Protein chains: 2
Amino acid sequence: MVTIRDVAKKAGVSVTTVSRVLNNSDHPVNTETRAKIEAAIKELGYYPNAWARHLITGRTSIIGLMVPDITNPYYYGIARGAEAAAHELGYATIMGNTDRVAKKAYRYLELLREKRVEGIIIAGGGSINLPPQLFVDKSGPTKIVLIGRHGVNFPSIRVDNVKAAREATDYLLRLGHQRIAIITGMQTSTTSIDRLEGYRKALEEAGINPRPEYVVEGDFTAKSGYEGANRLLSLSDPPTAIVTVNDLEGLGAVRGCLDRGLRVPDDVSIVGFDRIEMLDYSYIRLTSVDIPTYEIGRAAVQMVVDLLHEKNVKTPFYLPTKLVLGESCGPPP
Amino acid sequence: MVTIRDVAKKAGVSVTTVSRVLNNSDHPVNTETRAKIEAAIKELGYYPNAWARHLITGRTSIIGLMVPDITNPYYYGIARGAEAAAHELGYATIMGNTDRVAKKAYRYLELLREKRVEGIIIAGGGSINLPPQLFVDKSGPTKIVLIGRHGVNFPSIRVDNVKAAREATDYLLRLGHQRIAIITGMQTSTTSIDRLEGYRKALEEAGINPRPEYVVEGDFTAKSGYEGANRLLSLSDPPTAIVTVNDLEGLGAVRGCLDRGLRVPDDVSIVGFDRIEMLDYSYIRLTSVDIPTYEIGRAAVQMVVDLLHEKNVKTPFYLPTKLVLGESCGPPP
DNA sequence: TTGTATGCGTTATCAC
DNA sequence: GTGATAACGCATACAA
């Protein structure tokens, strides 16, 4: 490996001078000297060692991002936004998929600590117990930002899932639906819990008694949406509308209806969450609540950086959601 | 920050001894001493600084991963597999989205160099010019593995896109189609180029003259599939089957047919690539060529690690593809 | 405008 | 079994 000393030797100067041009120090450096050094750097293909630098400055310019599964549109949206913002602000991101397994989350947290990341963003932590190590060092140099509601007191970026689900359900009610079901996410997911609550509130306000058999548990996958719809539609008194907690479930539910010979939206209305990009070109454009995942990711990084700069941050910081109409909802048959 | 010295002081031993227990050194350490040290570590919440360690060992246990866009199923599949394998092998991954912008790719490469990553995996590089910096240091300590065909001589993981596209096209031919069109990716994408070649080969072998108006350029998005299908279906002599270069395009094309009042597969047959998971629950299950993205990501990391261990690797390393039948293909009308 | 010396937190070498 | 110390590559305080 070529070091700053090699550059200094080649340029015939001291390492200090090299360091000064490397860091655009305001300490004056002779133009010729600078040119010589830059030439040496280029010629040797020298890249400063970020870690030797870190040892002195204390900074790593790394932000850690923990998500359950990058394959899920909600999380890849967040990851994309976080990565973009981090890059713009001069940070690299180390990403870890926890698979919602506490042990993996612990392991990652340990890894991020050892790597001295400046901030850690945790998304989807609501569905696992957060590692206790997180709490020992709350006022330490590593800034922690959570995405979503976790019931613990860390700075966080959120959307109002209760309100969003209530609006979605309200929309179905206004279309005239009375028998509205919901396919949830895992019971441990705060996102799912909140959306379920919104659904219930809307029904209650409309004077409709929520039926327990209209609540089936899913897991945010298309498969669970498919199976959930099948369960619901085989009830003796099946729903005419189904709220799902994300678009994958929603699309799965659409397919479930189709396979039972039911049409969407003629026989069954369906709404989803996330407004994944692909939706605009799916066979039936799902009516869906837009969750600004990209912006959430960006905001989380921005919050980490603000915290590092000791700025005051507004937390929890809420981003807006919006019901976007597609083709999957209509009046009840 | 708590350092190894703090631990040593607290345990009443030297840093050397602490270091020994930290690294499970085979140098003997008294059981009681070890216990005291472990207690101190836990009590202080000490995590060794990976970078101070790196300065001595030379290792960072980081692998860099460059992808155009994590939002694309092909790439998030790869990212997922790479991350999982890296985690198992004790590596963290720094991921960068290049947006297919050379400047961003350059910037990331620089960043990865400064961060002294042990390996760099580049996916989708076929669609941009690879940064020249890559080539100055080919025999350096950083191992580089490419995913896909790039026309440059680096170890790589690939699938045979020519063969895969030929098989897909052959399937349509066997169904009786004569007028088969293709919606490609960007002209610079080697993946797209190879799939186009496979398509052409299949037609030629069947004695069919490929018509230039049956080749429309897309960009791997659902939108471009939608628009491409519209272009094709408005021809005076429209195709009865369309090959697309990924599932997003394929689903977009399905929707394009629908919006023109054409049915799939009754009026138009469509095949895609990637076999994204959601497909099983889409309204029309797309017939699609399975690309083992997860395994590709895993294999790339494994190759990096093998190279680091000076093992011989078989390169290019090919992974198999497989045409999986769905509901989107049938005989021509 | 340039250079010397110190130290960041750790591992490795050597001595005890 | 244990410990003192040099070295890793760099930035910084201080000196010239």
Side-chain angles (χ1 to χ4, degrees), chain A residues 1-38 40-41 44-62 110-111 113-118 140-142, chain B residues 1-38 40-41 44-62 110-111 113-118 140-142:
Chain A
M1 262 295 77
V2 27
T3 75
I4 196 173
R5 256 185 289 270
D6 300 321
V7 176
K9 191 178 294 176
K10 176 141 213 144
V13 298
S14 74
V15 293
T16 309
T17 310
V18 176
S19 175
R20 289 204 255 262
V21 332
L22 241 33
N23 297 292
N24 291 329
S25 154
D26 40 6
H27 194 107
V29 173
N30 182 292
T31 319
E32 281 180 34
T33 314
R34 181 182 298 271
K36 265 194 300 185
I37 292 172
E38 279 164 352
I41 288 175
L44 293 173
Y46 168 71
Y47 295 94
N49 182 317
W51 310 127
R53 181 177 281 170
H54 149 71
L55 235 45
I56 300 175
T57 64
R59 301 200 44 213
T60 56
S61 299
I62 295 194
E110 187 179 70
L111 185 147
R113 293 292 194 192
E114 292 185 353
K115 300 268 192 277
R116 296 294 191 268
V117 299
E118 299 186 37
T142 307
Chain B
M1 263 294 78
V2 27
T3 76
I4 195 172
R5 257 186 285 271
D6 300 320
V7 175
K9 191 178 294 177
K10 177 141 212 144
V13 297
S14 74
V15 293
T16 310
T17 310
V18 176
S19 177
R20 289 200 180 101
V21 332
L22 241 33
N23 297 291
N24 291 328
S25 155
D26 40 5
H27 193 104
V29 173
N30 183 291
T31 318
E32 282 179 33
T33 315
R34 181 183 299 270
K36 265 193 301 187
I37 291 171
E38 278 163 353
I41 288 175
L44 293 172
Y46 167 72
Y47 295 93
N49 182 317
W51 310 126
R53 181 177 281 170
H54 148 71
L55 235 43
I56 299 176
T57 64
R59 300 200 44 212
T60 57
S61 298
I62 294 194
E110 187 179 70
L111 184 148
R113 293 292 194 190
E114 292 185 354
K115 300 267 191 280
R116 295 296 189 269
V117 299
E118 298 186 37
T142 307

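By convention in this document, chain letters (A, B, ...) are assigned in the order of the sequence lines, proteins followed by strands, and residues within each chain are numbered from 1. Quick caveat: nothing in here was measured; it's all calculated off a predicted structure. Note that these values count all heavy atoms, side chains included, but never hydrogens, waters or copies made by symmetry.
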*Could you state the atom-to-atom distance from CG of A:N30 to P of C:dG3 in whole Å?*
11 Å
*Check whether any side-chain heavy atom of A:V7 lies under 4.5 Å from a side-chain heavy atom of A:I37, and answer yes or no.*
yes
_Whole angstrom value for the distance that separates C1' of C:dA12 from CD1 of B:I4_ = 12 Å
*asked:* For a quick check under 3.5 Å, do B:T17 and B:S14 share a side-chain donor-acceptor pair by atom type?
replied: yes
*Name the closest nucleotide to the A:R5 side chain, picking from D:dC10, C:dT2, C:dT11.*
D:dC10
_Base, sugar-phosphate or nothing for B:S25? Non-hydrogen atoms, less than 4.0 Å._
nothing
*Could you give the CD-to-P distance, from A:E114 to C:dT10, as a whole number of Å?*
10 Å
*Are any of the side-chain heavy atoms of B:E118 and B:P141 separated by less than 4.5 Å?*
no
*Of B:I56 and B:R34, the one whose closest DNA chain D nucleotide lies more 5'*: B:R34
*Taking the side chain of B:T57 as heavy atoms from C-beta outward, which of D:dC10, C:dT11, C:dT4 is closest to it?*
C:dT11
_Between C1' of D:dT12 and NE2 of A:H27, the distance in whole Å_ = 11 Å
*Are any of B:N49's side-chain N or O atoms less than 4.0 Å away from OP1 or OP2 of C:dC8?*
no
*Can you tell me how far P of D:dC8 sits from CG of A:L55, to the nearest Å?*
14 Å
*Which whole-number value in Å describes the distance from B:L22 CG to D:dG3 P?*
15 Å
*Please report, rounded to the nearest Å, how far the P atom of D:dG9 is from the CZ atom of B:R59.*
17 Å
*Under a 4.5 Å cut-off applied to non-hydrogen side-chain atoms, are B:L44 and B:K10 in contact?*
yes
*So what does A:H54 hit on the nucleic acid, given a heavy-atom distance under 4.0 Å: a base, only sugar-phosphate, or nothing?*
nothing
*For the side chain of A:T17, starting at C-beta, report the closest nucleotide among D:dG3, C:dT2, D:dC10.*
C:dT2
_pair B:N49-A:L55: side-chain heavy atoms closer than 4.5 Å_ = yes
*Under 4.0 Å between a side-chain N or O of B:S19 and OP1 or OP2 of C:dT11?*
yes
*Would you confirm whether B:N30, through its side chain, and B:E32, through its main-chain N or O, come within 3.5 Å as a donor-acceptor pair?*
yes
*Counting heavy atoms from C-beta on, name the nucleotide in D:dG3, C:dG9, D:dT12 closest to the side chain of B:V13.*
D:dG3
*With heavy atoms under 4.0 Å as the rule, sort B:T3 into base, sugar-phosphate or nothing.*
sugar-phosphate
*Just compare D:dA11, C:dG3, C:dT10 and give me whichever is closest to any side-chain atom of B:R53.*
C:dT10
*asked:* Within the 4.0 Å heavy-atom criterion, would you say B:T16 contacts the bases, only the backbone, or no part of the nucleic acid?
replied: base
*Side chain of A:R116 only, please: which of D:dA4, C:dT10, C:dT4 is the nearest?*
C:dT10
*Remember a base hit wins even if backbone is also touched, and classify A:V15 as base, sugar-phosphate or nothing at under 4.0 Å, heavy atoms.*
nothing
_For a quick test of reading the model: is some side-chain N or O of A:Y47 closer than 4.0 Å to OP1 or OP2 of D:dC10?_
no
*Can you tell me the distance, in whole Å, between the CZ atom of A:R20 and the P atom of D:dT12?*
11 Å
